[in-house]
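In what follows, a structure is listed as structure tokens, so that the remarks can point back to it.
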Amino acid sequence: MILTVTPNPALDHTLRVDAPLEAGAVARTDDAQFDPGGKGVNVSKYLTALDAETTATGFLGDPFGSLIRERLDAASVPNDFVDVGTPTRVNTTILAPDGEFKVNQNGPDVGPAAVDDLVATVERQDPDAVLVAGSLPPGVDPATVDRLARAGAWETTVDVGGSVLAELDAEYALCKPNREELAAATGRAVDTVDECLDAAEALRGETFRRVVASLGPDGAVMATPEGSYHAEALATDVVDTVGAGDALLSGVLAAFDRGESPPEALRAGIAVAARVVTVAGTGTPDFADVPTTREDVALSTH
Ligand SMILES: Nc1ncnc2c1ncn2[C@@H]1O[C@H](COP(=O)(O)OP(=O)(O)O)[C@@H](O)[C@H]1O
Ligand SMILES: O=P(O)(O)OC[C@H]1O[C@](O)(COP(=O)(O)O)[C@@H](O)[C@@H]1O
């Protein structure tokens, strides 16, 4: 079972407006949706839809914590969150004709007792694999991520910010930076795919056994002890890219869970991401075509 740990979940509020936003003007819309979100929460949503065994944990606080739990239960996404007394944040995406505008709240302060409860929850769940994903709220530091990785025999994956990645020193099976996070974690140029391949290879080592870096429309690269790979993104009608990185990681983790090779896992990730960018916000699309579309992913070995 893949246990996702989201230290800073969010209720994702997605609004679509018909005209460009204008300072001082009121924009009105009927097109709004709420989704349970936060990087690990999304991965558990997508893994469930991909028929992989998963449970979501992290910290939830009311009033929005209850809504997130209700929505996950309704979608049959197993979850086991630690309750905290501070409200879970709301992250807002506005889809306007002139672009995608995102505002993420920093999130509530989490005290040391809640962190101890989280570690105990992870130990009790005793998963095969753990994913720690998303920003760290006040009260959770990189040492807490290392503590979760060292608390049991599971393989741990991280999808945390570039500056947090640079501070980790436990052993991780995989990390998933995006382009900006890859630059922040390595201090290298990431302008071309070749530079991204070099940076991913530089990040790989004792701390991170494999590195998958997502490159938006340029697809993704993966650096592993067996070789490095670049997979191109699939051409598709993009509604928005919120959740795209979580989708890529879900496809990769589900494939590794089935025992597939790194290049096959990368192809699967690209196919899952290509579906998620076609739906608004962090809604869960139908993944029925993923086994077919992953065969169309162009992949090169380096
Ligand atoms: N504009 C796009 N067109 C097609 N695929 C995309 C696009 N943006 C993202 N993707 C897919 O989603 C994956 C993750 O996107 P990315 O933006 O790098 O992640 P993050 O959300 O972590 O920043 C990419 O590797 C790619 O496969
Ligand atoms: O923890 P952070 O970095 O603020 O990100 C949280 C946001 O990212 C998401 O998990 C989406 O992530 P990606 O677009 O990177 O896949 C949203 O659900 C959530 O609102």
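Ligands are counted one by one from 1 in listed order, and the atoms in each one are counted from 1 as well. Remember, it's a predicted structure, so these values are computed and weren't measured experimentally.
- Of the protein's non-hydrogen atoms, K39 NZ, 2.8 Å is the one closest to atom 15 (O) of ligand 2.
- Below 4.0 Å from some heavy atom of N104 lie the following atoms of ligand 2, by number and element: 2 (P), 4 (O), 5 (O), 6 (C), 7 (C).
- Close N/O approach between V242 and ligand 2 is not found [any backbone or side-chain N/O within under 3.5 Å].
- Shortest contact from atom 19 (C) of ligand 2 to any protein heavy atom: D12 OD1, 3.4 Å.
- Of all the listed residues (N42, L248, T14), N42 holds the heavy atom that lies closest to atom 9 (C) of ligand 2.
- Residue-level proximity to ligand 1 for D246 is absent, since no heavy atom of it falls below 4.0 angstrom.
- Under 4.0 Å from ligand 2, the heavy atoms of T241 that appear belong solely to its backbone.
- Distances below 4.0 Å separate heavy atoms of G243 from the following atoms of ligand 2: 11 (C), 12 (O), 13 (P), 14 (O), 16 (O).
- Considering backbone and side-chain N/O of G245, one or more are found under 3.5 Å from N/O of ligand 1.
- Under a 4.0 angstrom heavy-atom cut-off, G219 registers as being in contact with ligand 1.
- Here's the thing with G37: none of its N/O atoms is less than 3.5 angstrom from an N/O atom of ligand 2.
- Around atom 15 (O) of ligand 1, the closest heavy atom drawn from G251, A244, A271 belongs to A244.
- Every atom of ligand 2 is numbered from 1 in the order shown, and the set under 4.0 Å from a heavy atom of G134 is 1 (O).
- Within the listing of ligand 2, atoms 1 (O), 2 (P), 3 (O), 4 (O) sit less than 4.0 angstrom from a heavy atom of S135.
- In terms of protein heavy atoms, atom 11 (C) of ligand 2 is closest to D246 OD2, 3.4 Å.
- Contacts between R179 and ligand 1, counted as non-hydrogen atom pairs separated by less than 4.0 Å, are absent for every part of the residue.
- With respect to atom 11 (C) of ligand 1, the closest heavy atom belonging to the protein is A273 CB, 3.8 Å.
- When hydrogens are left out, the protein atom nearest atom 18 (O) of ligand 1 is G216 N, 2.8 Å; that is the closest non-hydrogen contact.
- The nearest protein atom to atom 6 (C) of ligand 2, hydrogens excluded, is given as R89 NH2, 3.5 Å; this is a heavy-atom distance.
- V276 places a side-chain heavy atom less than 4.5 Å from the side chain of P285.
- Close approach of ligand 2 to A244 (heavy-atom distance below 4.0 Å) involves ligand atoms 14 (O), 16 (O).
- In this structure, L234 is part of the shell of residues with a heavy atom less than 4.0 angstrom from ligand 1.
- Using a 4.0 Å heavy-atom cutoff, K176 is listed among the residues neighbouring ligand 1.
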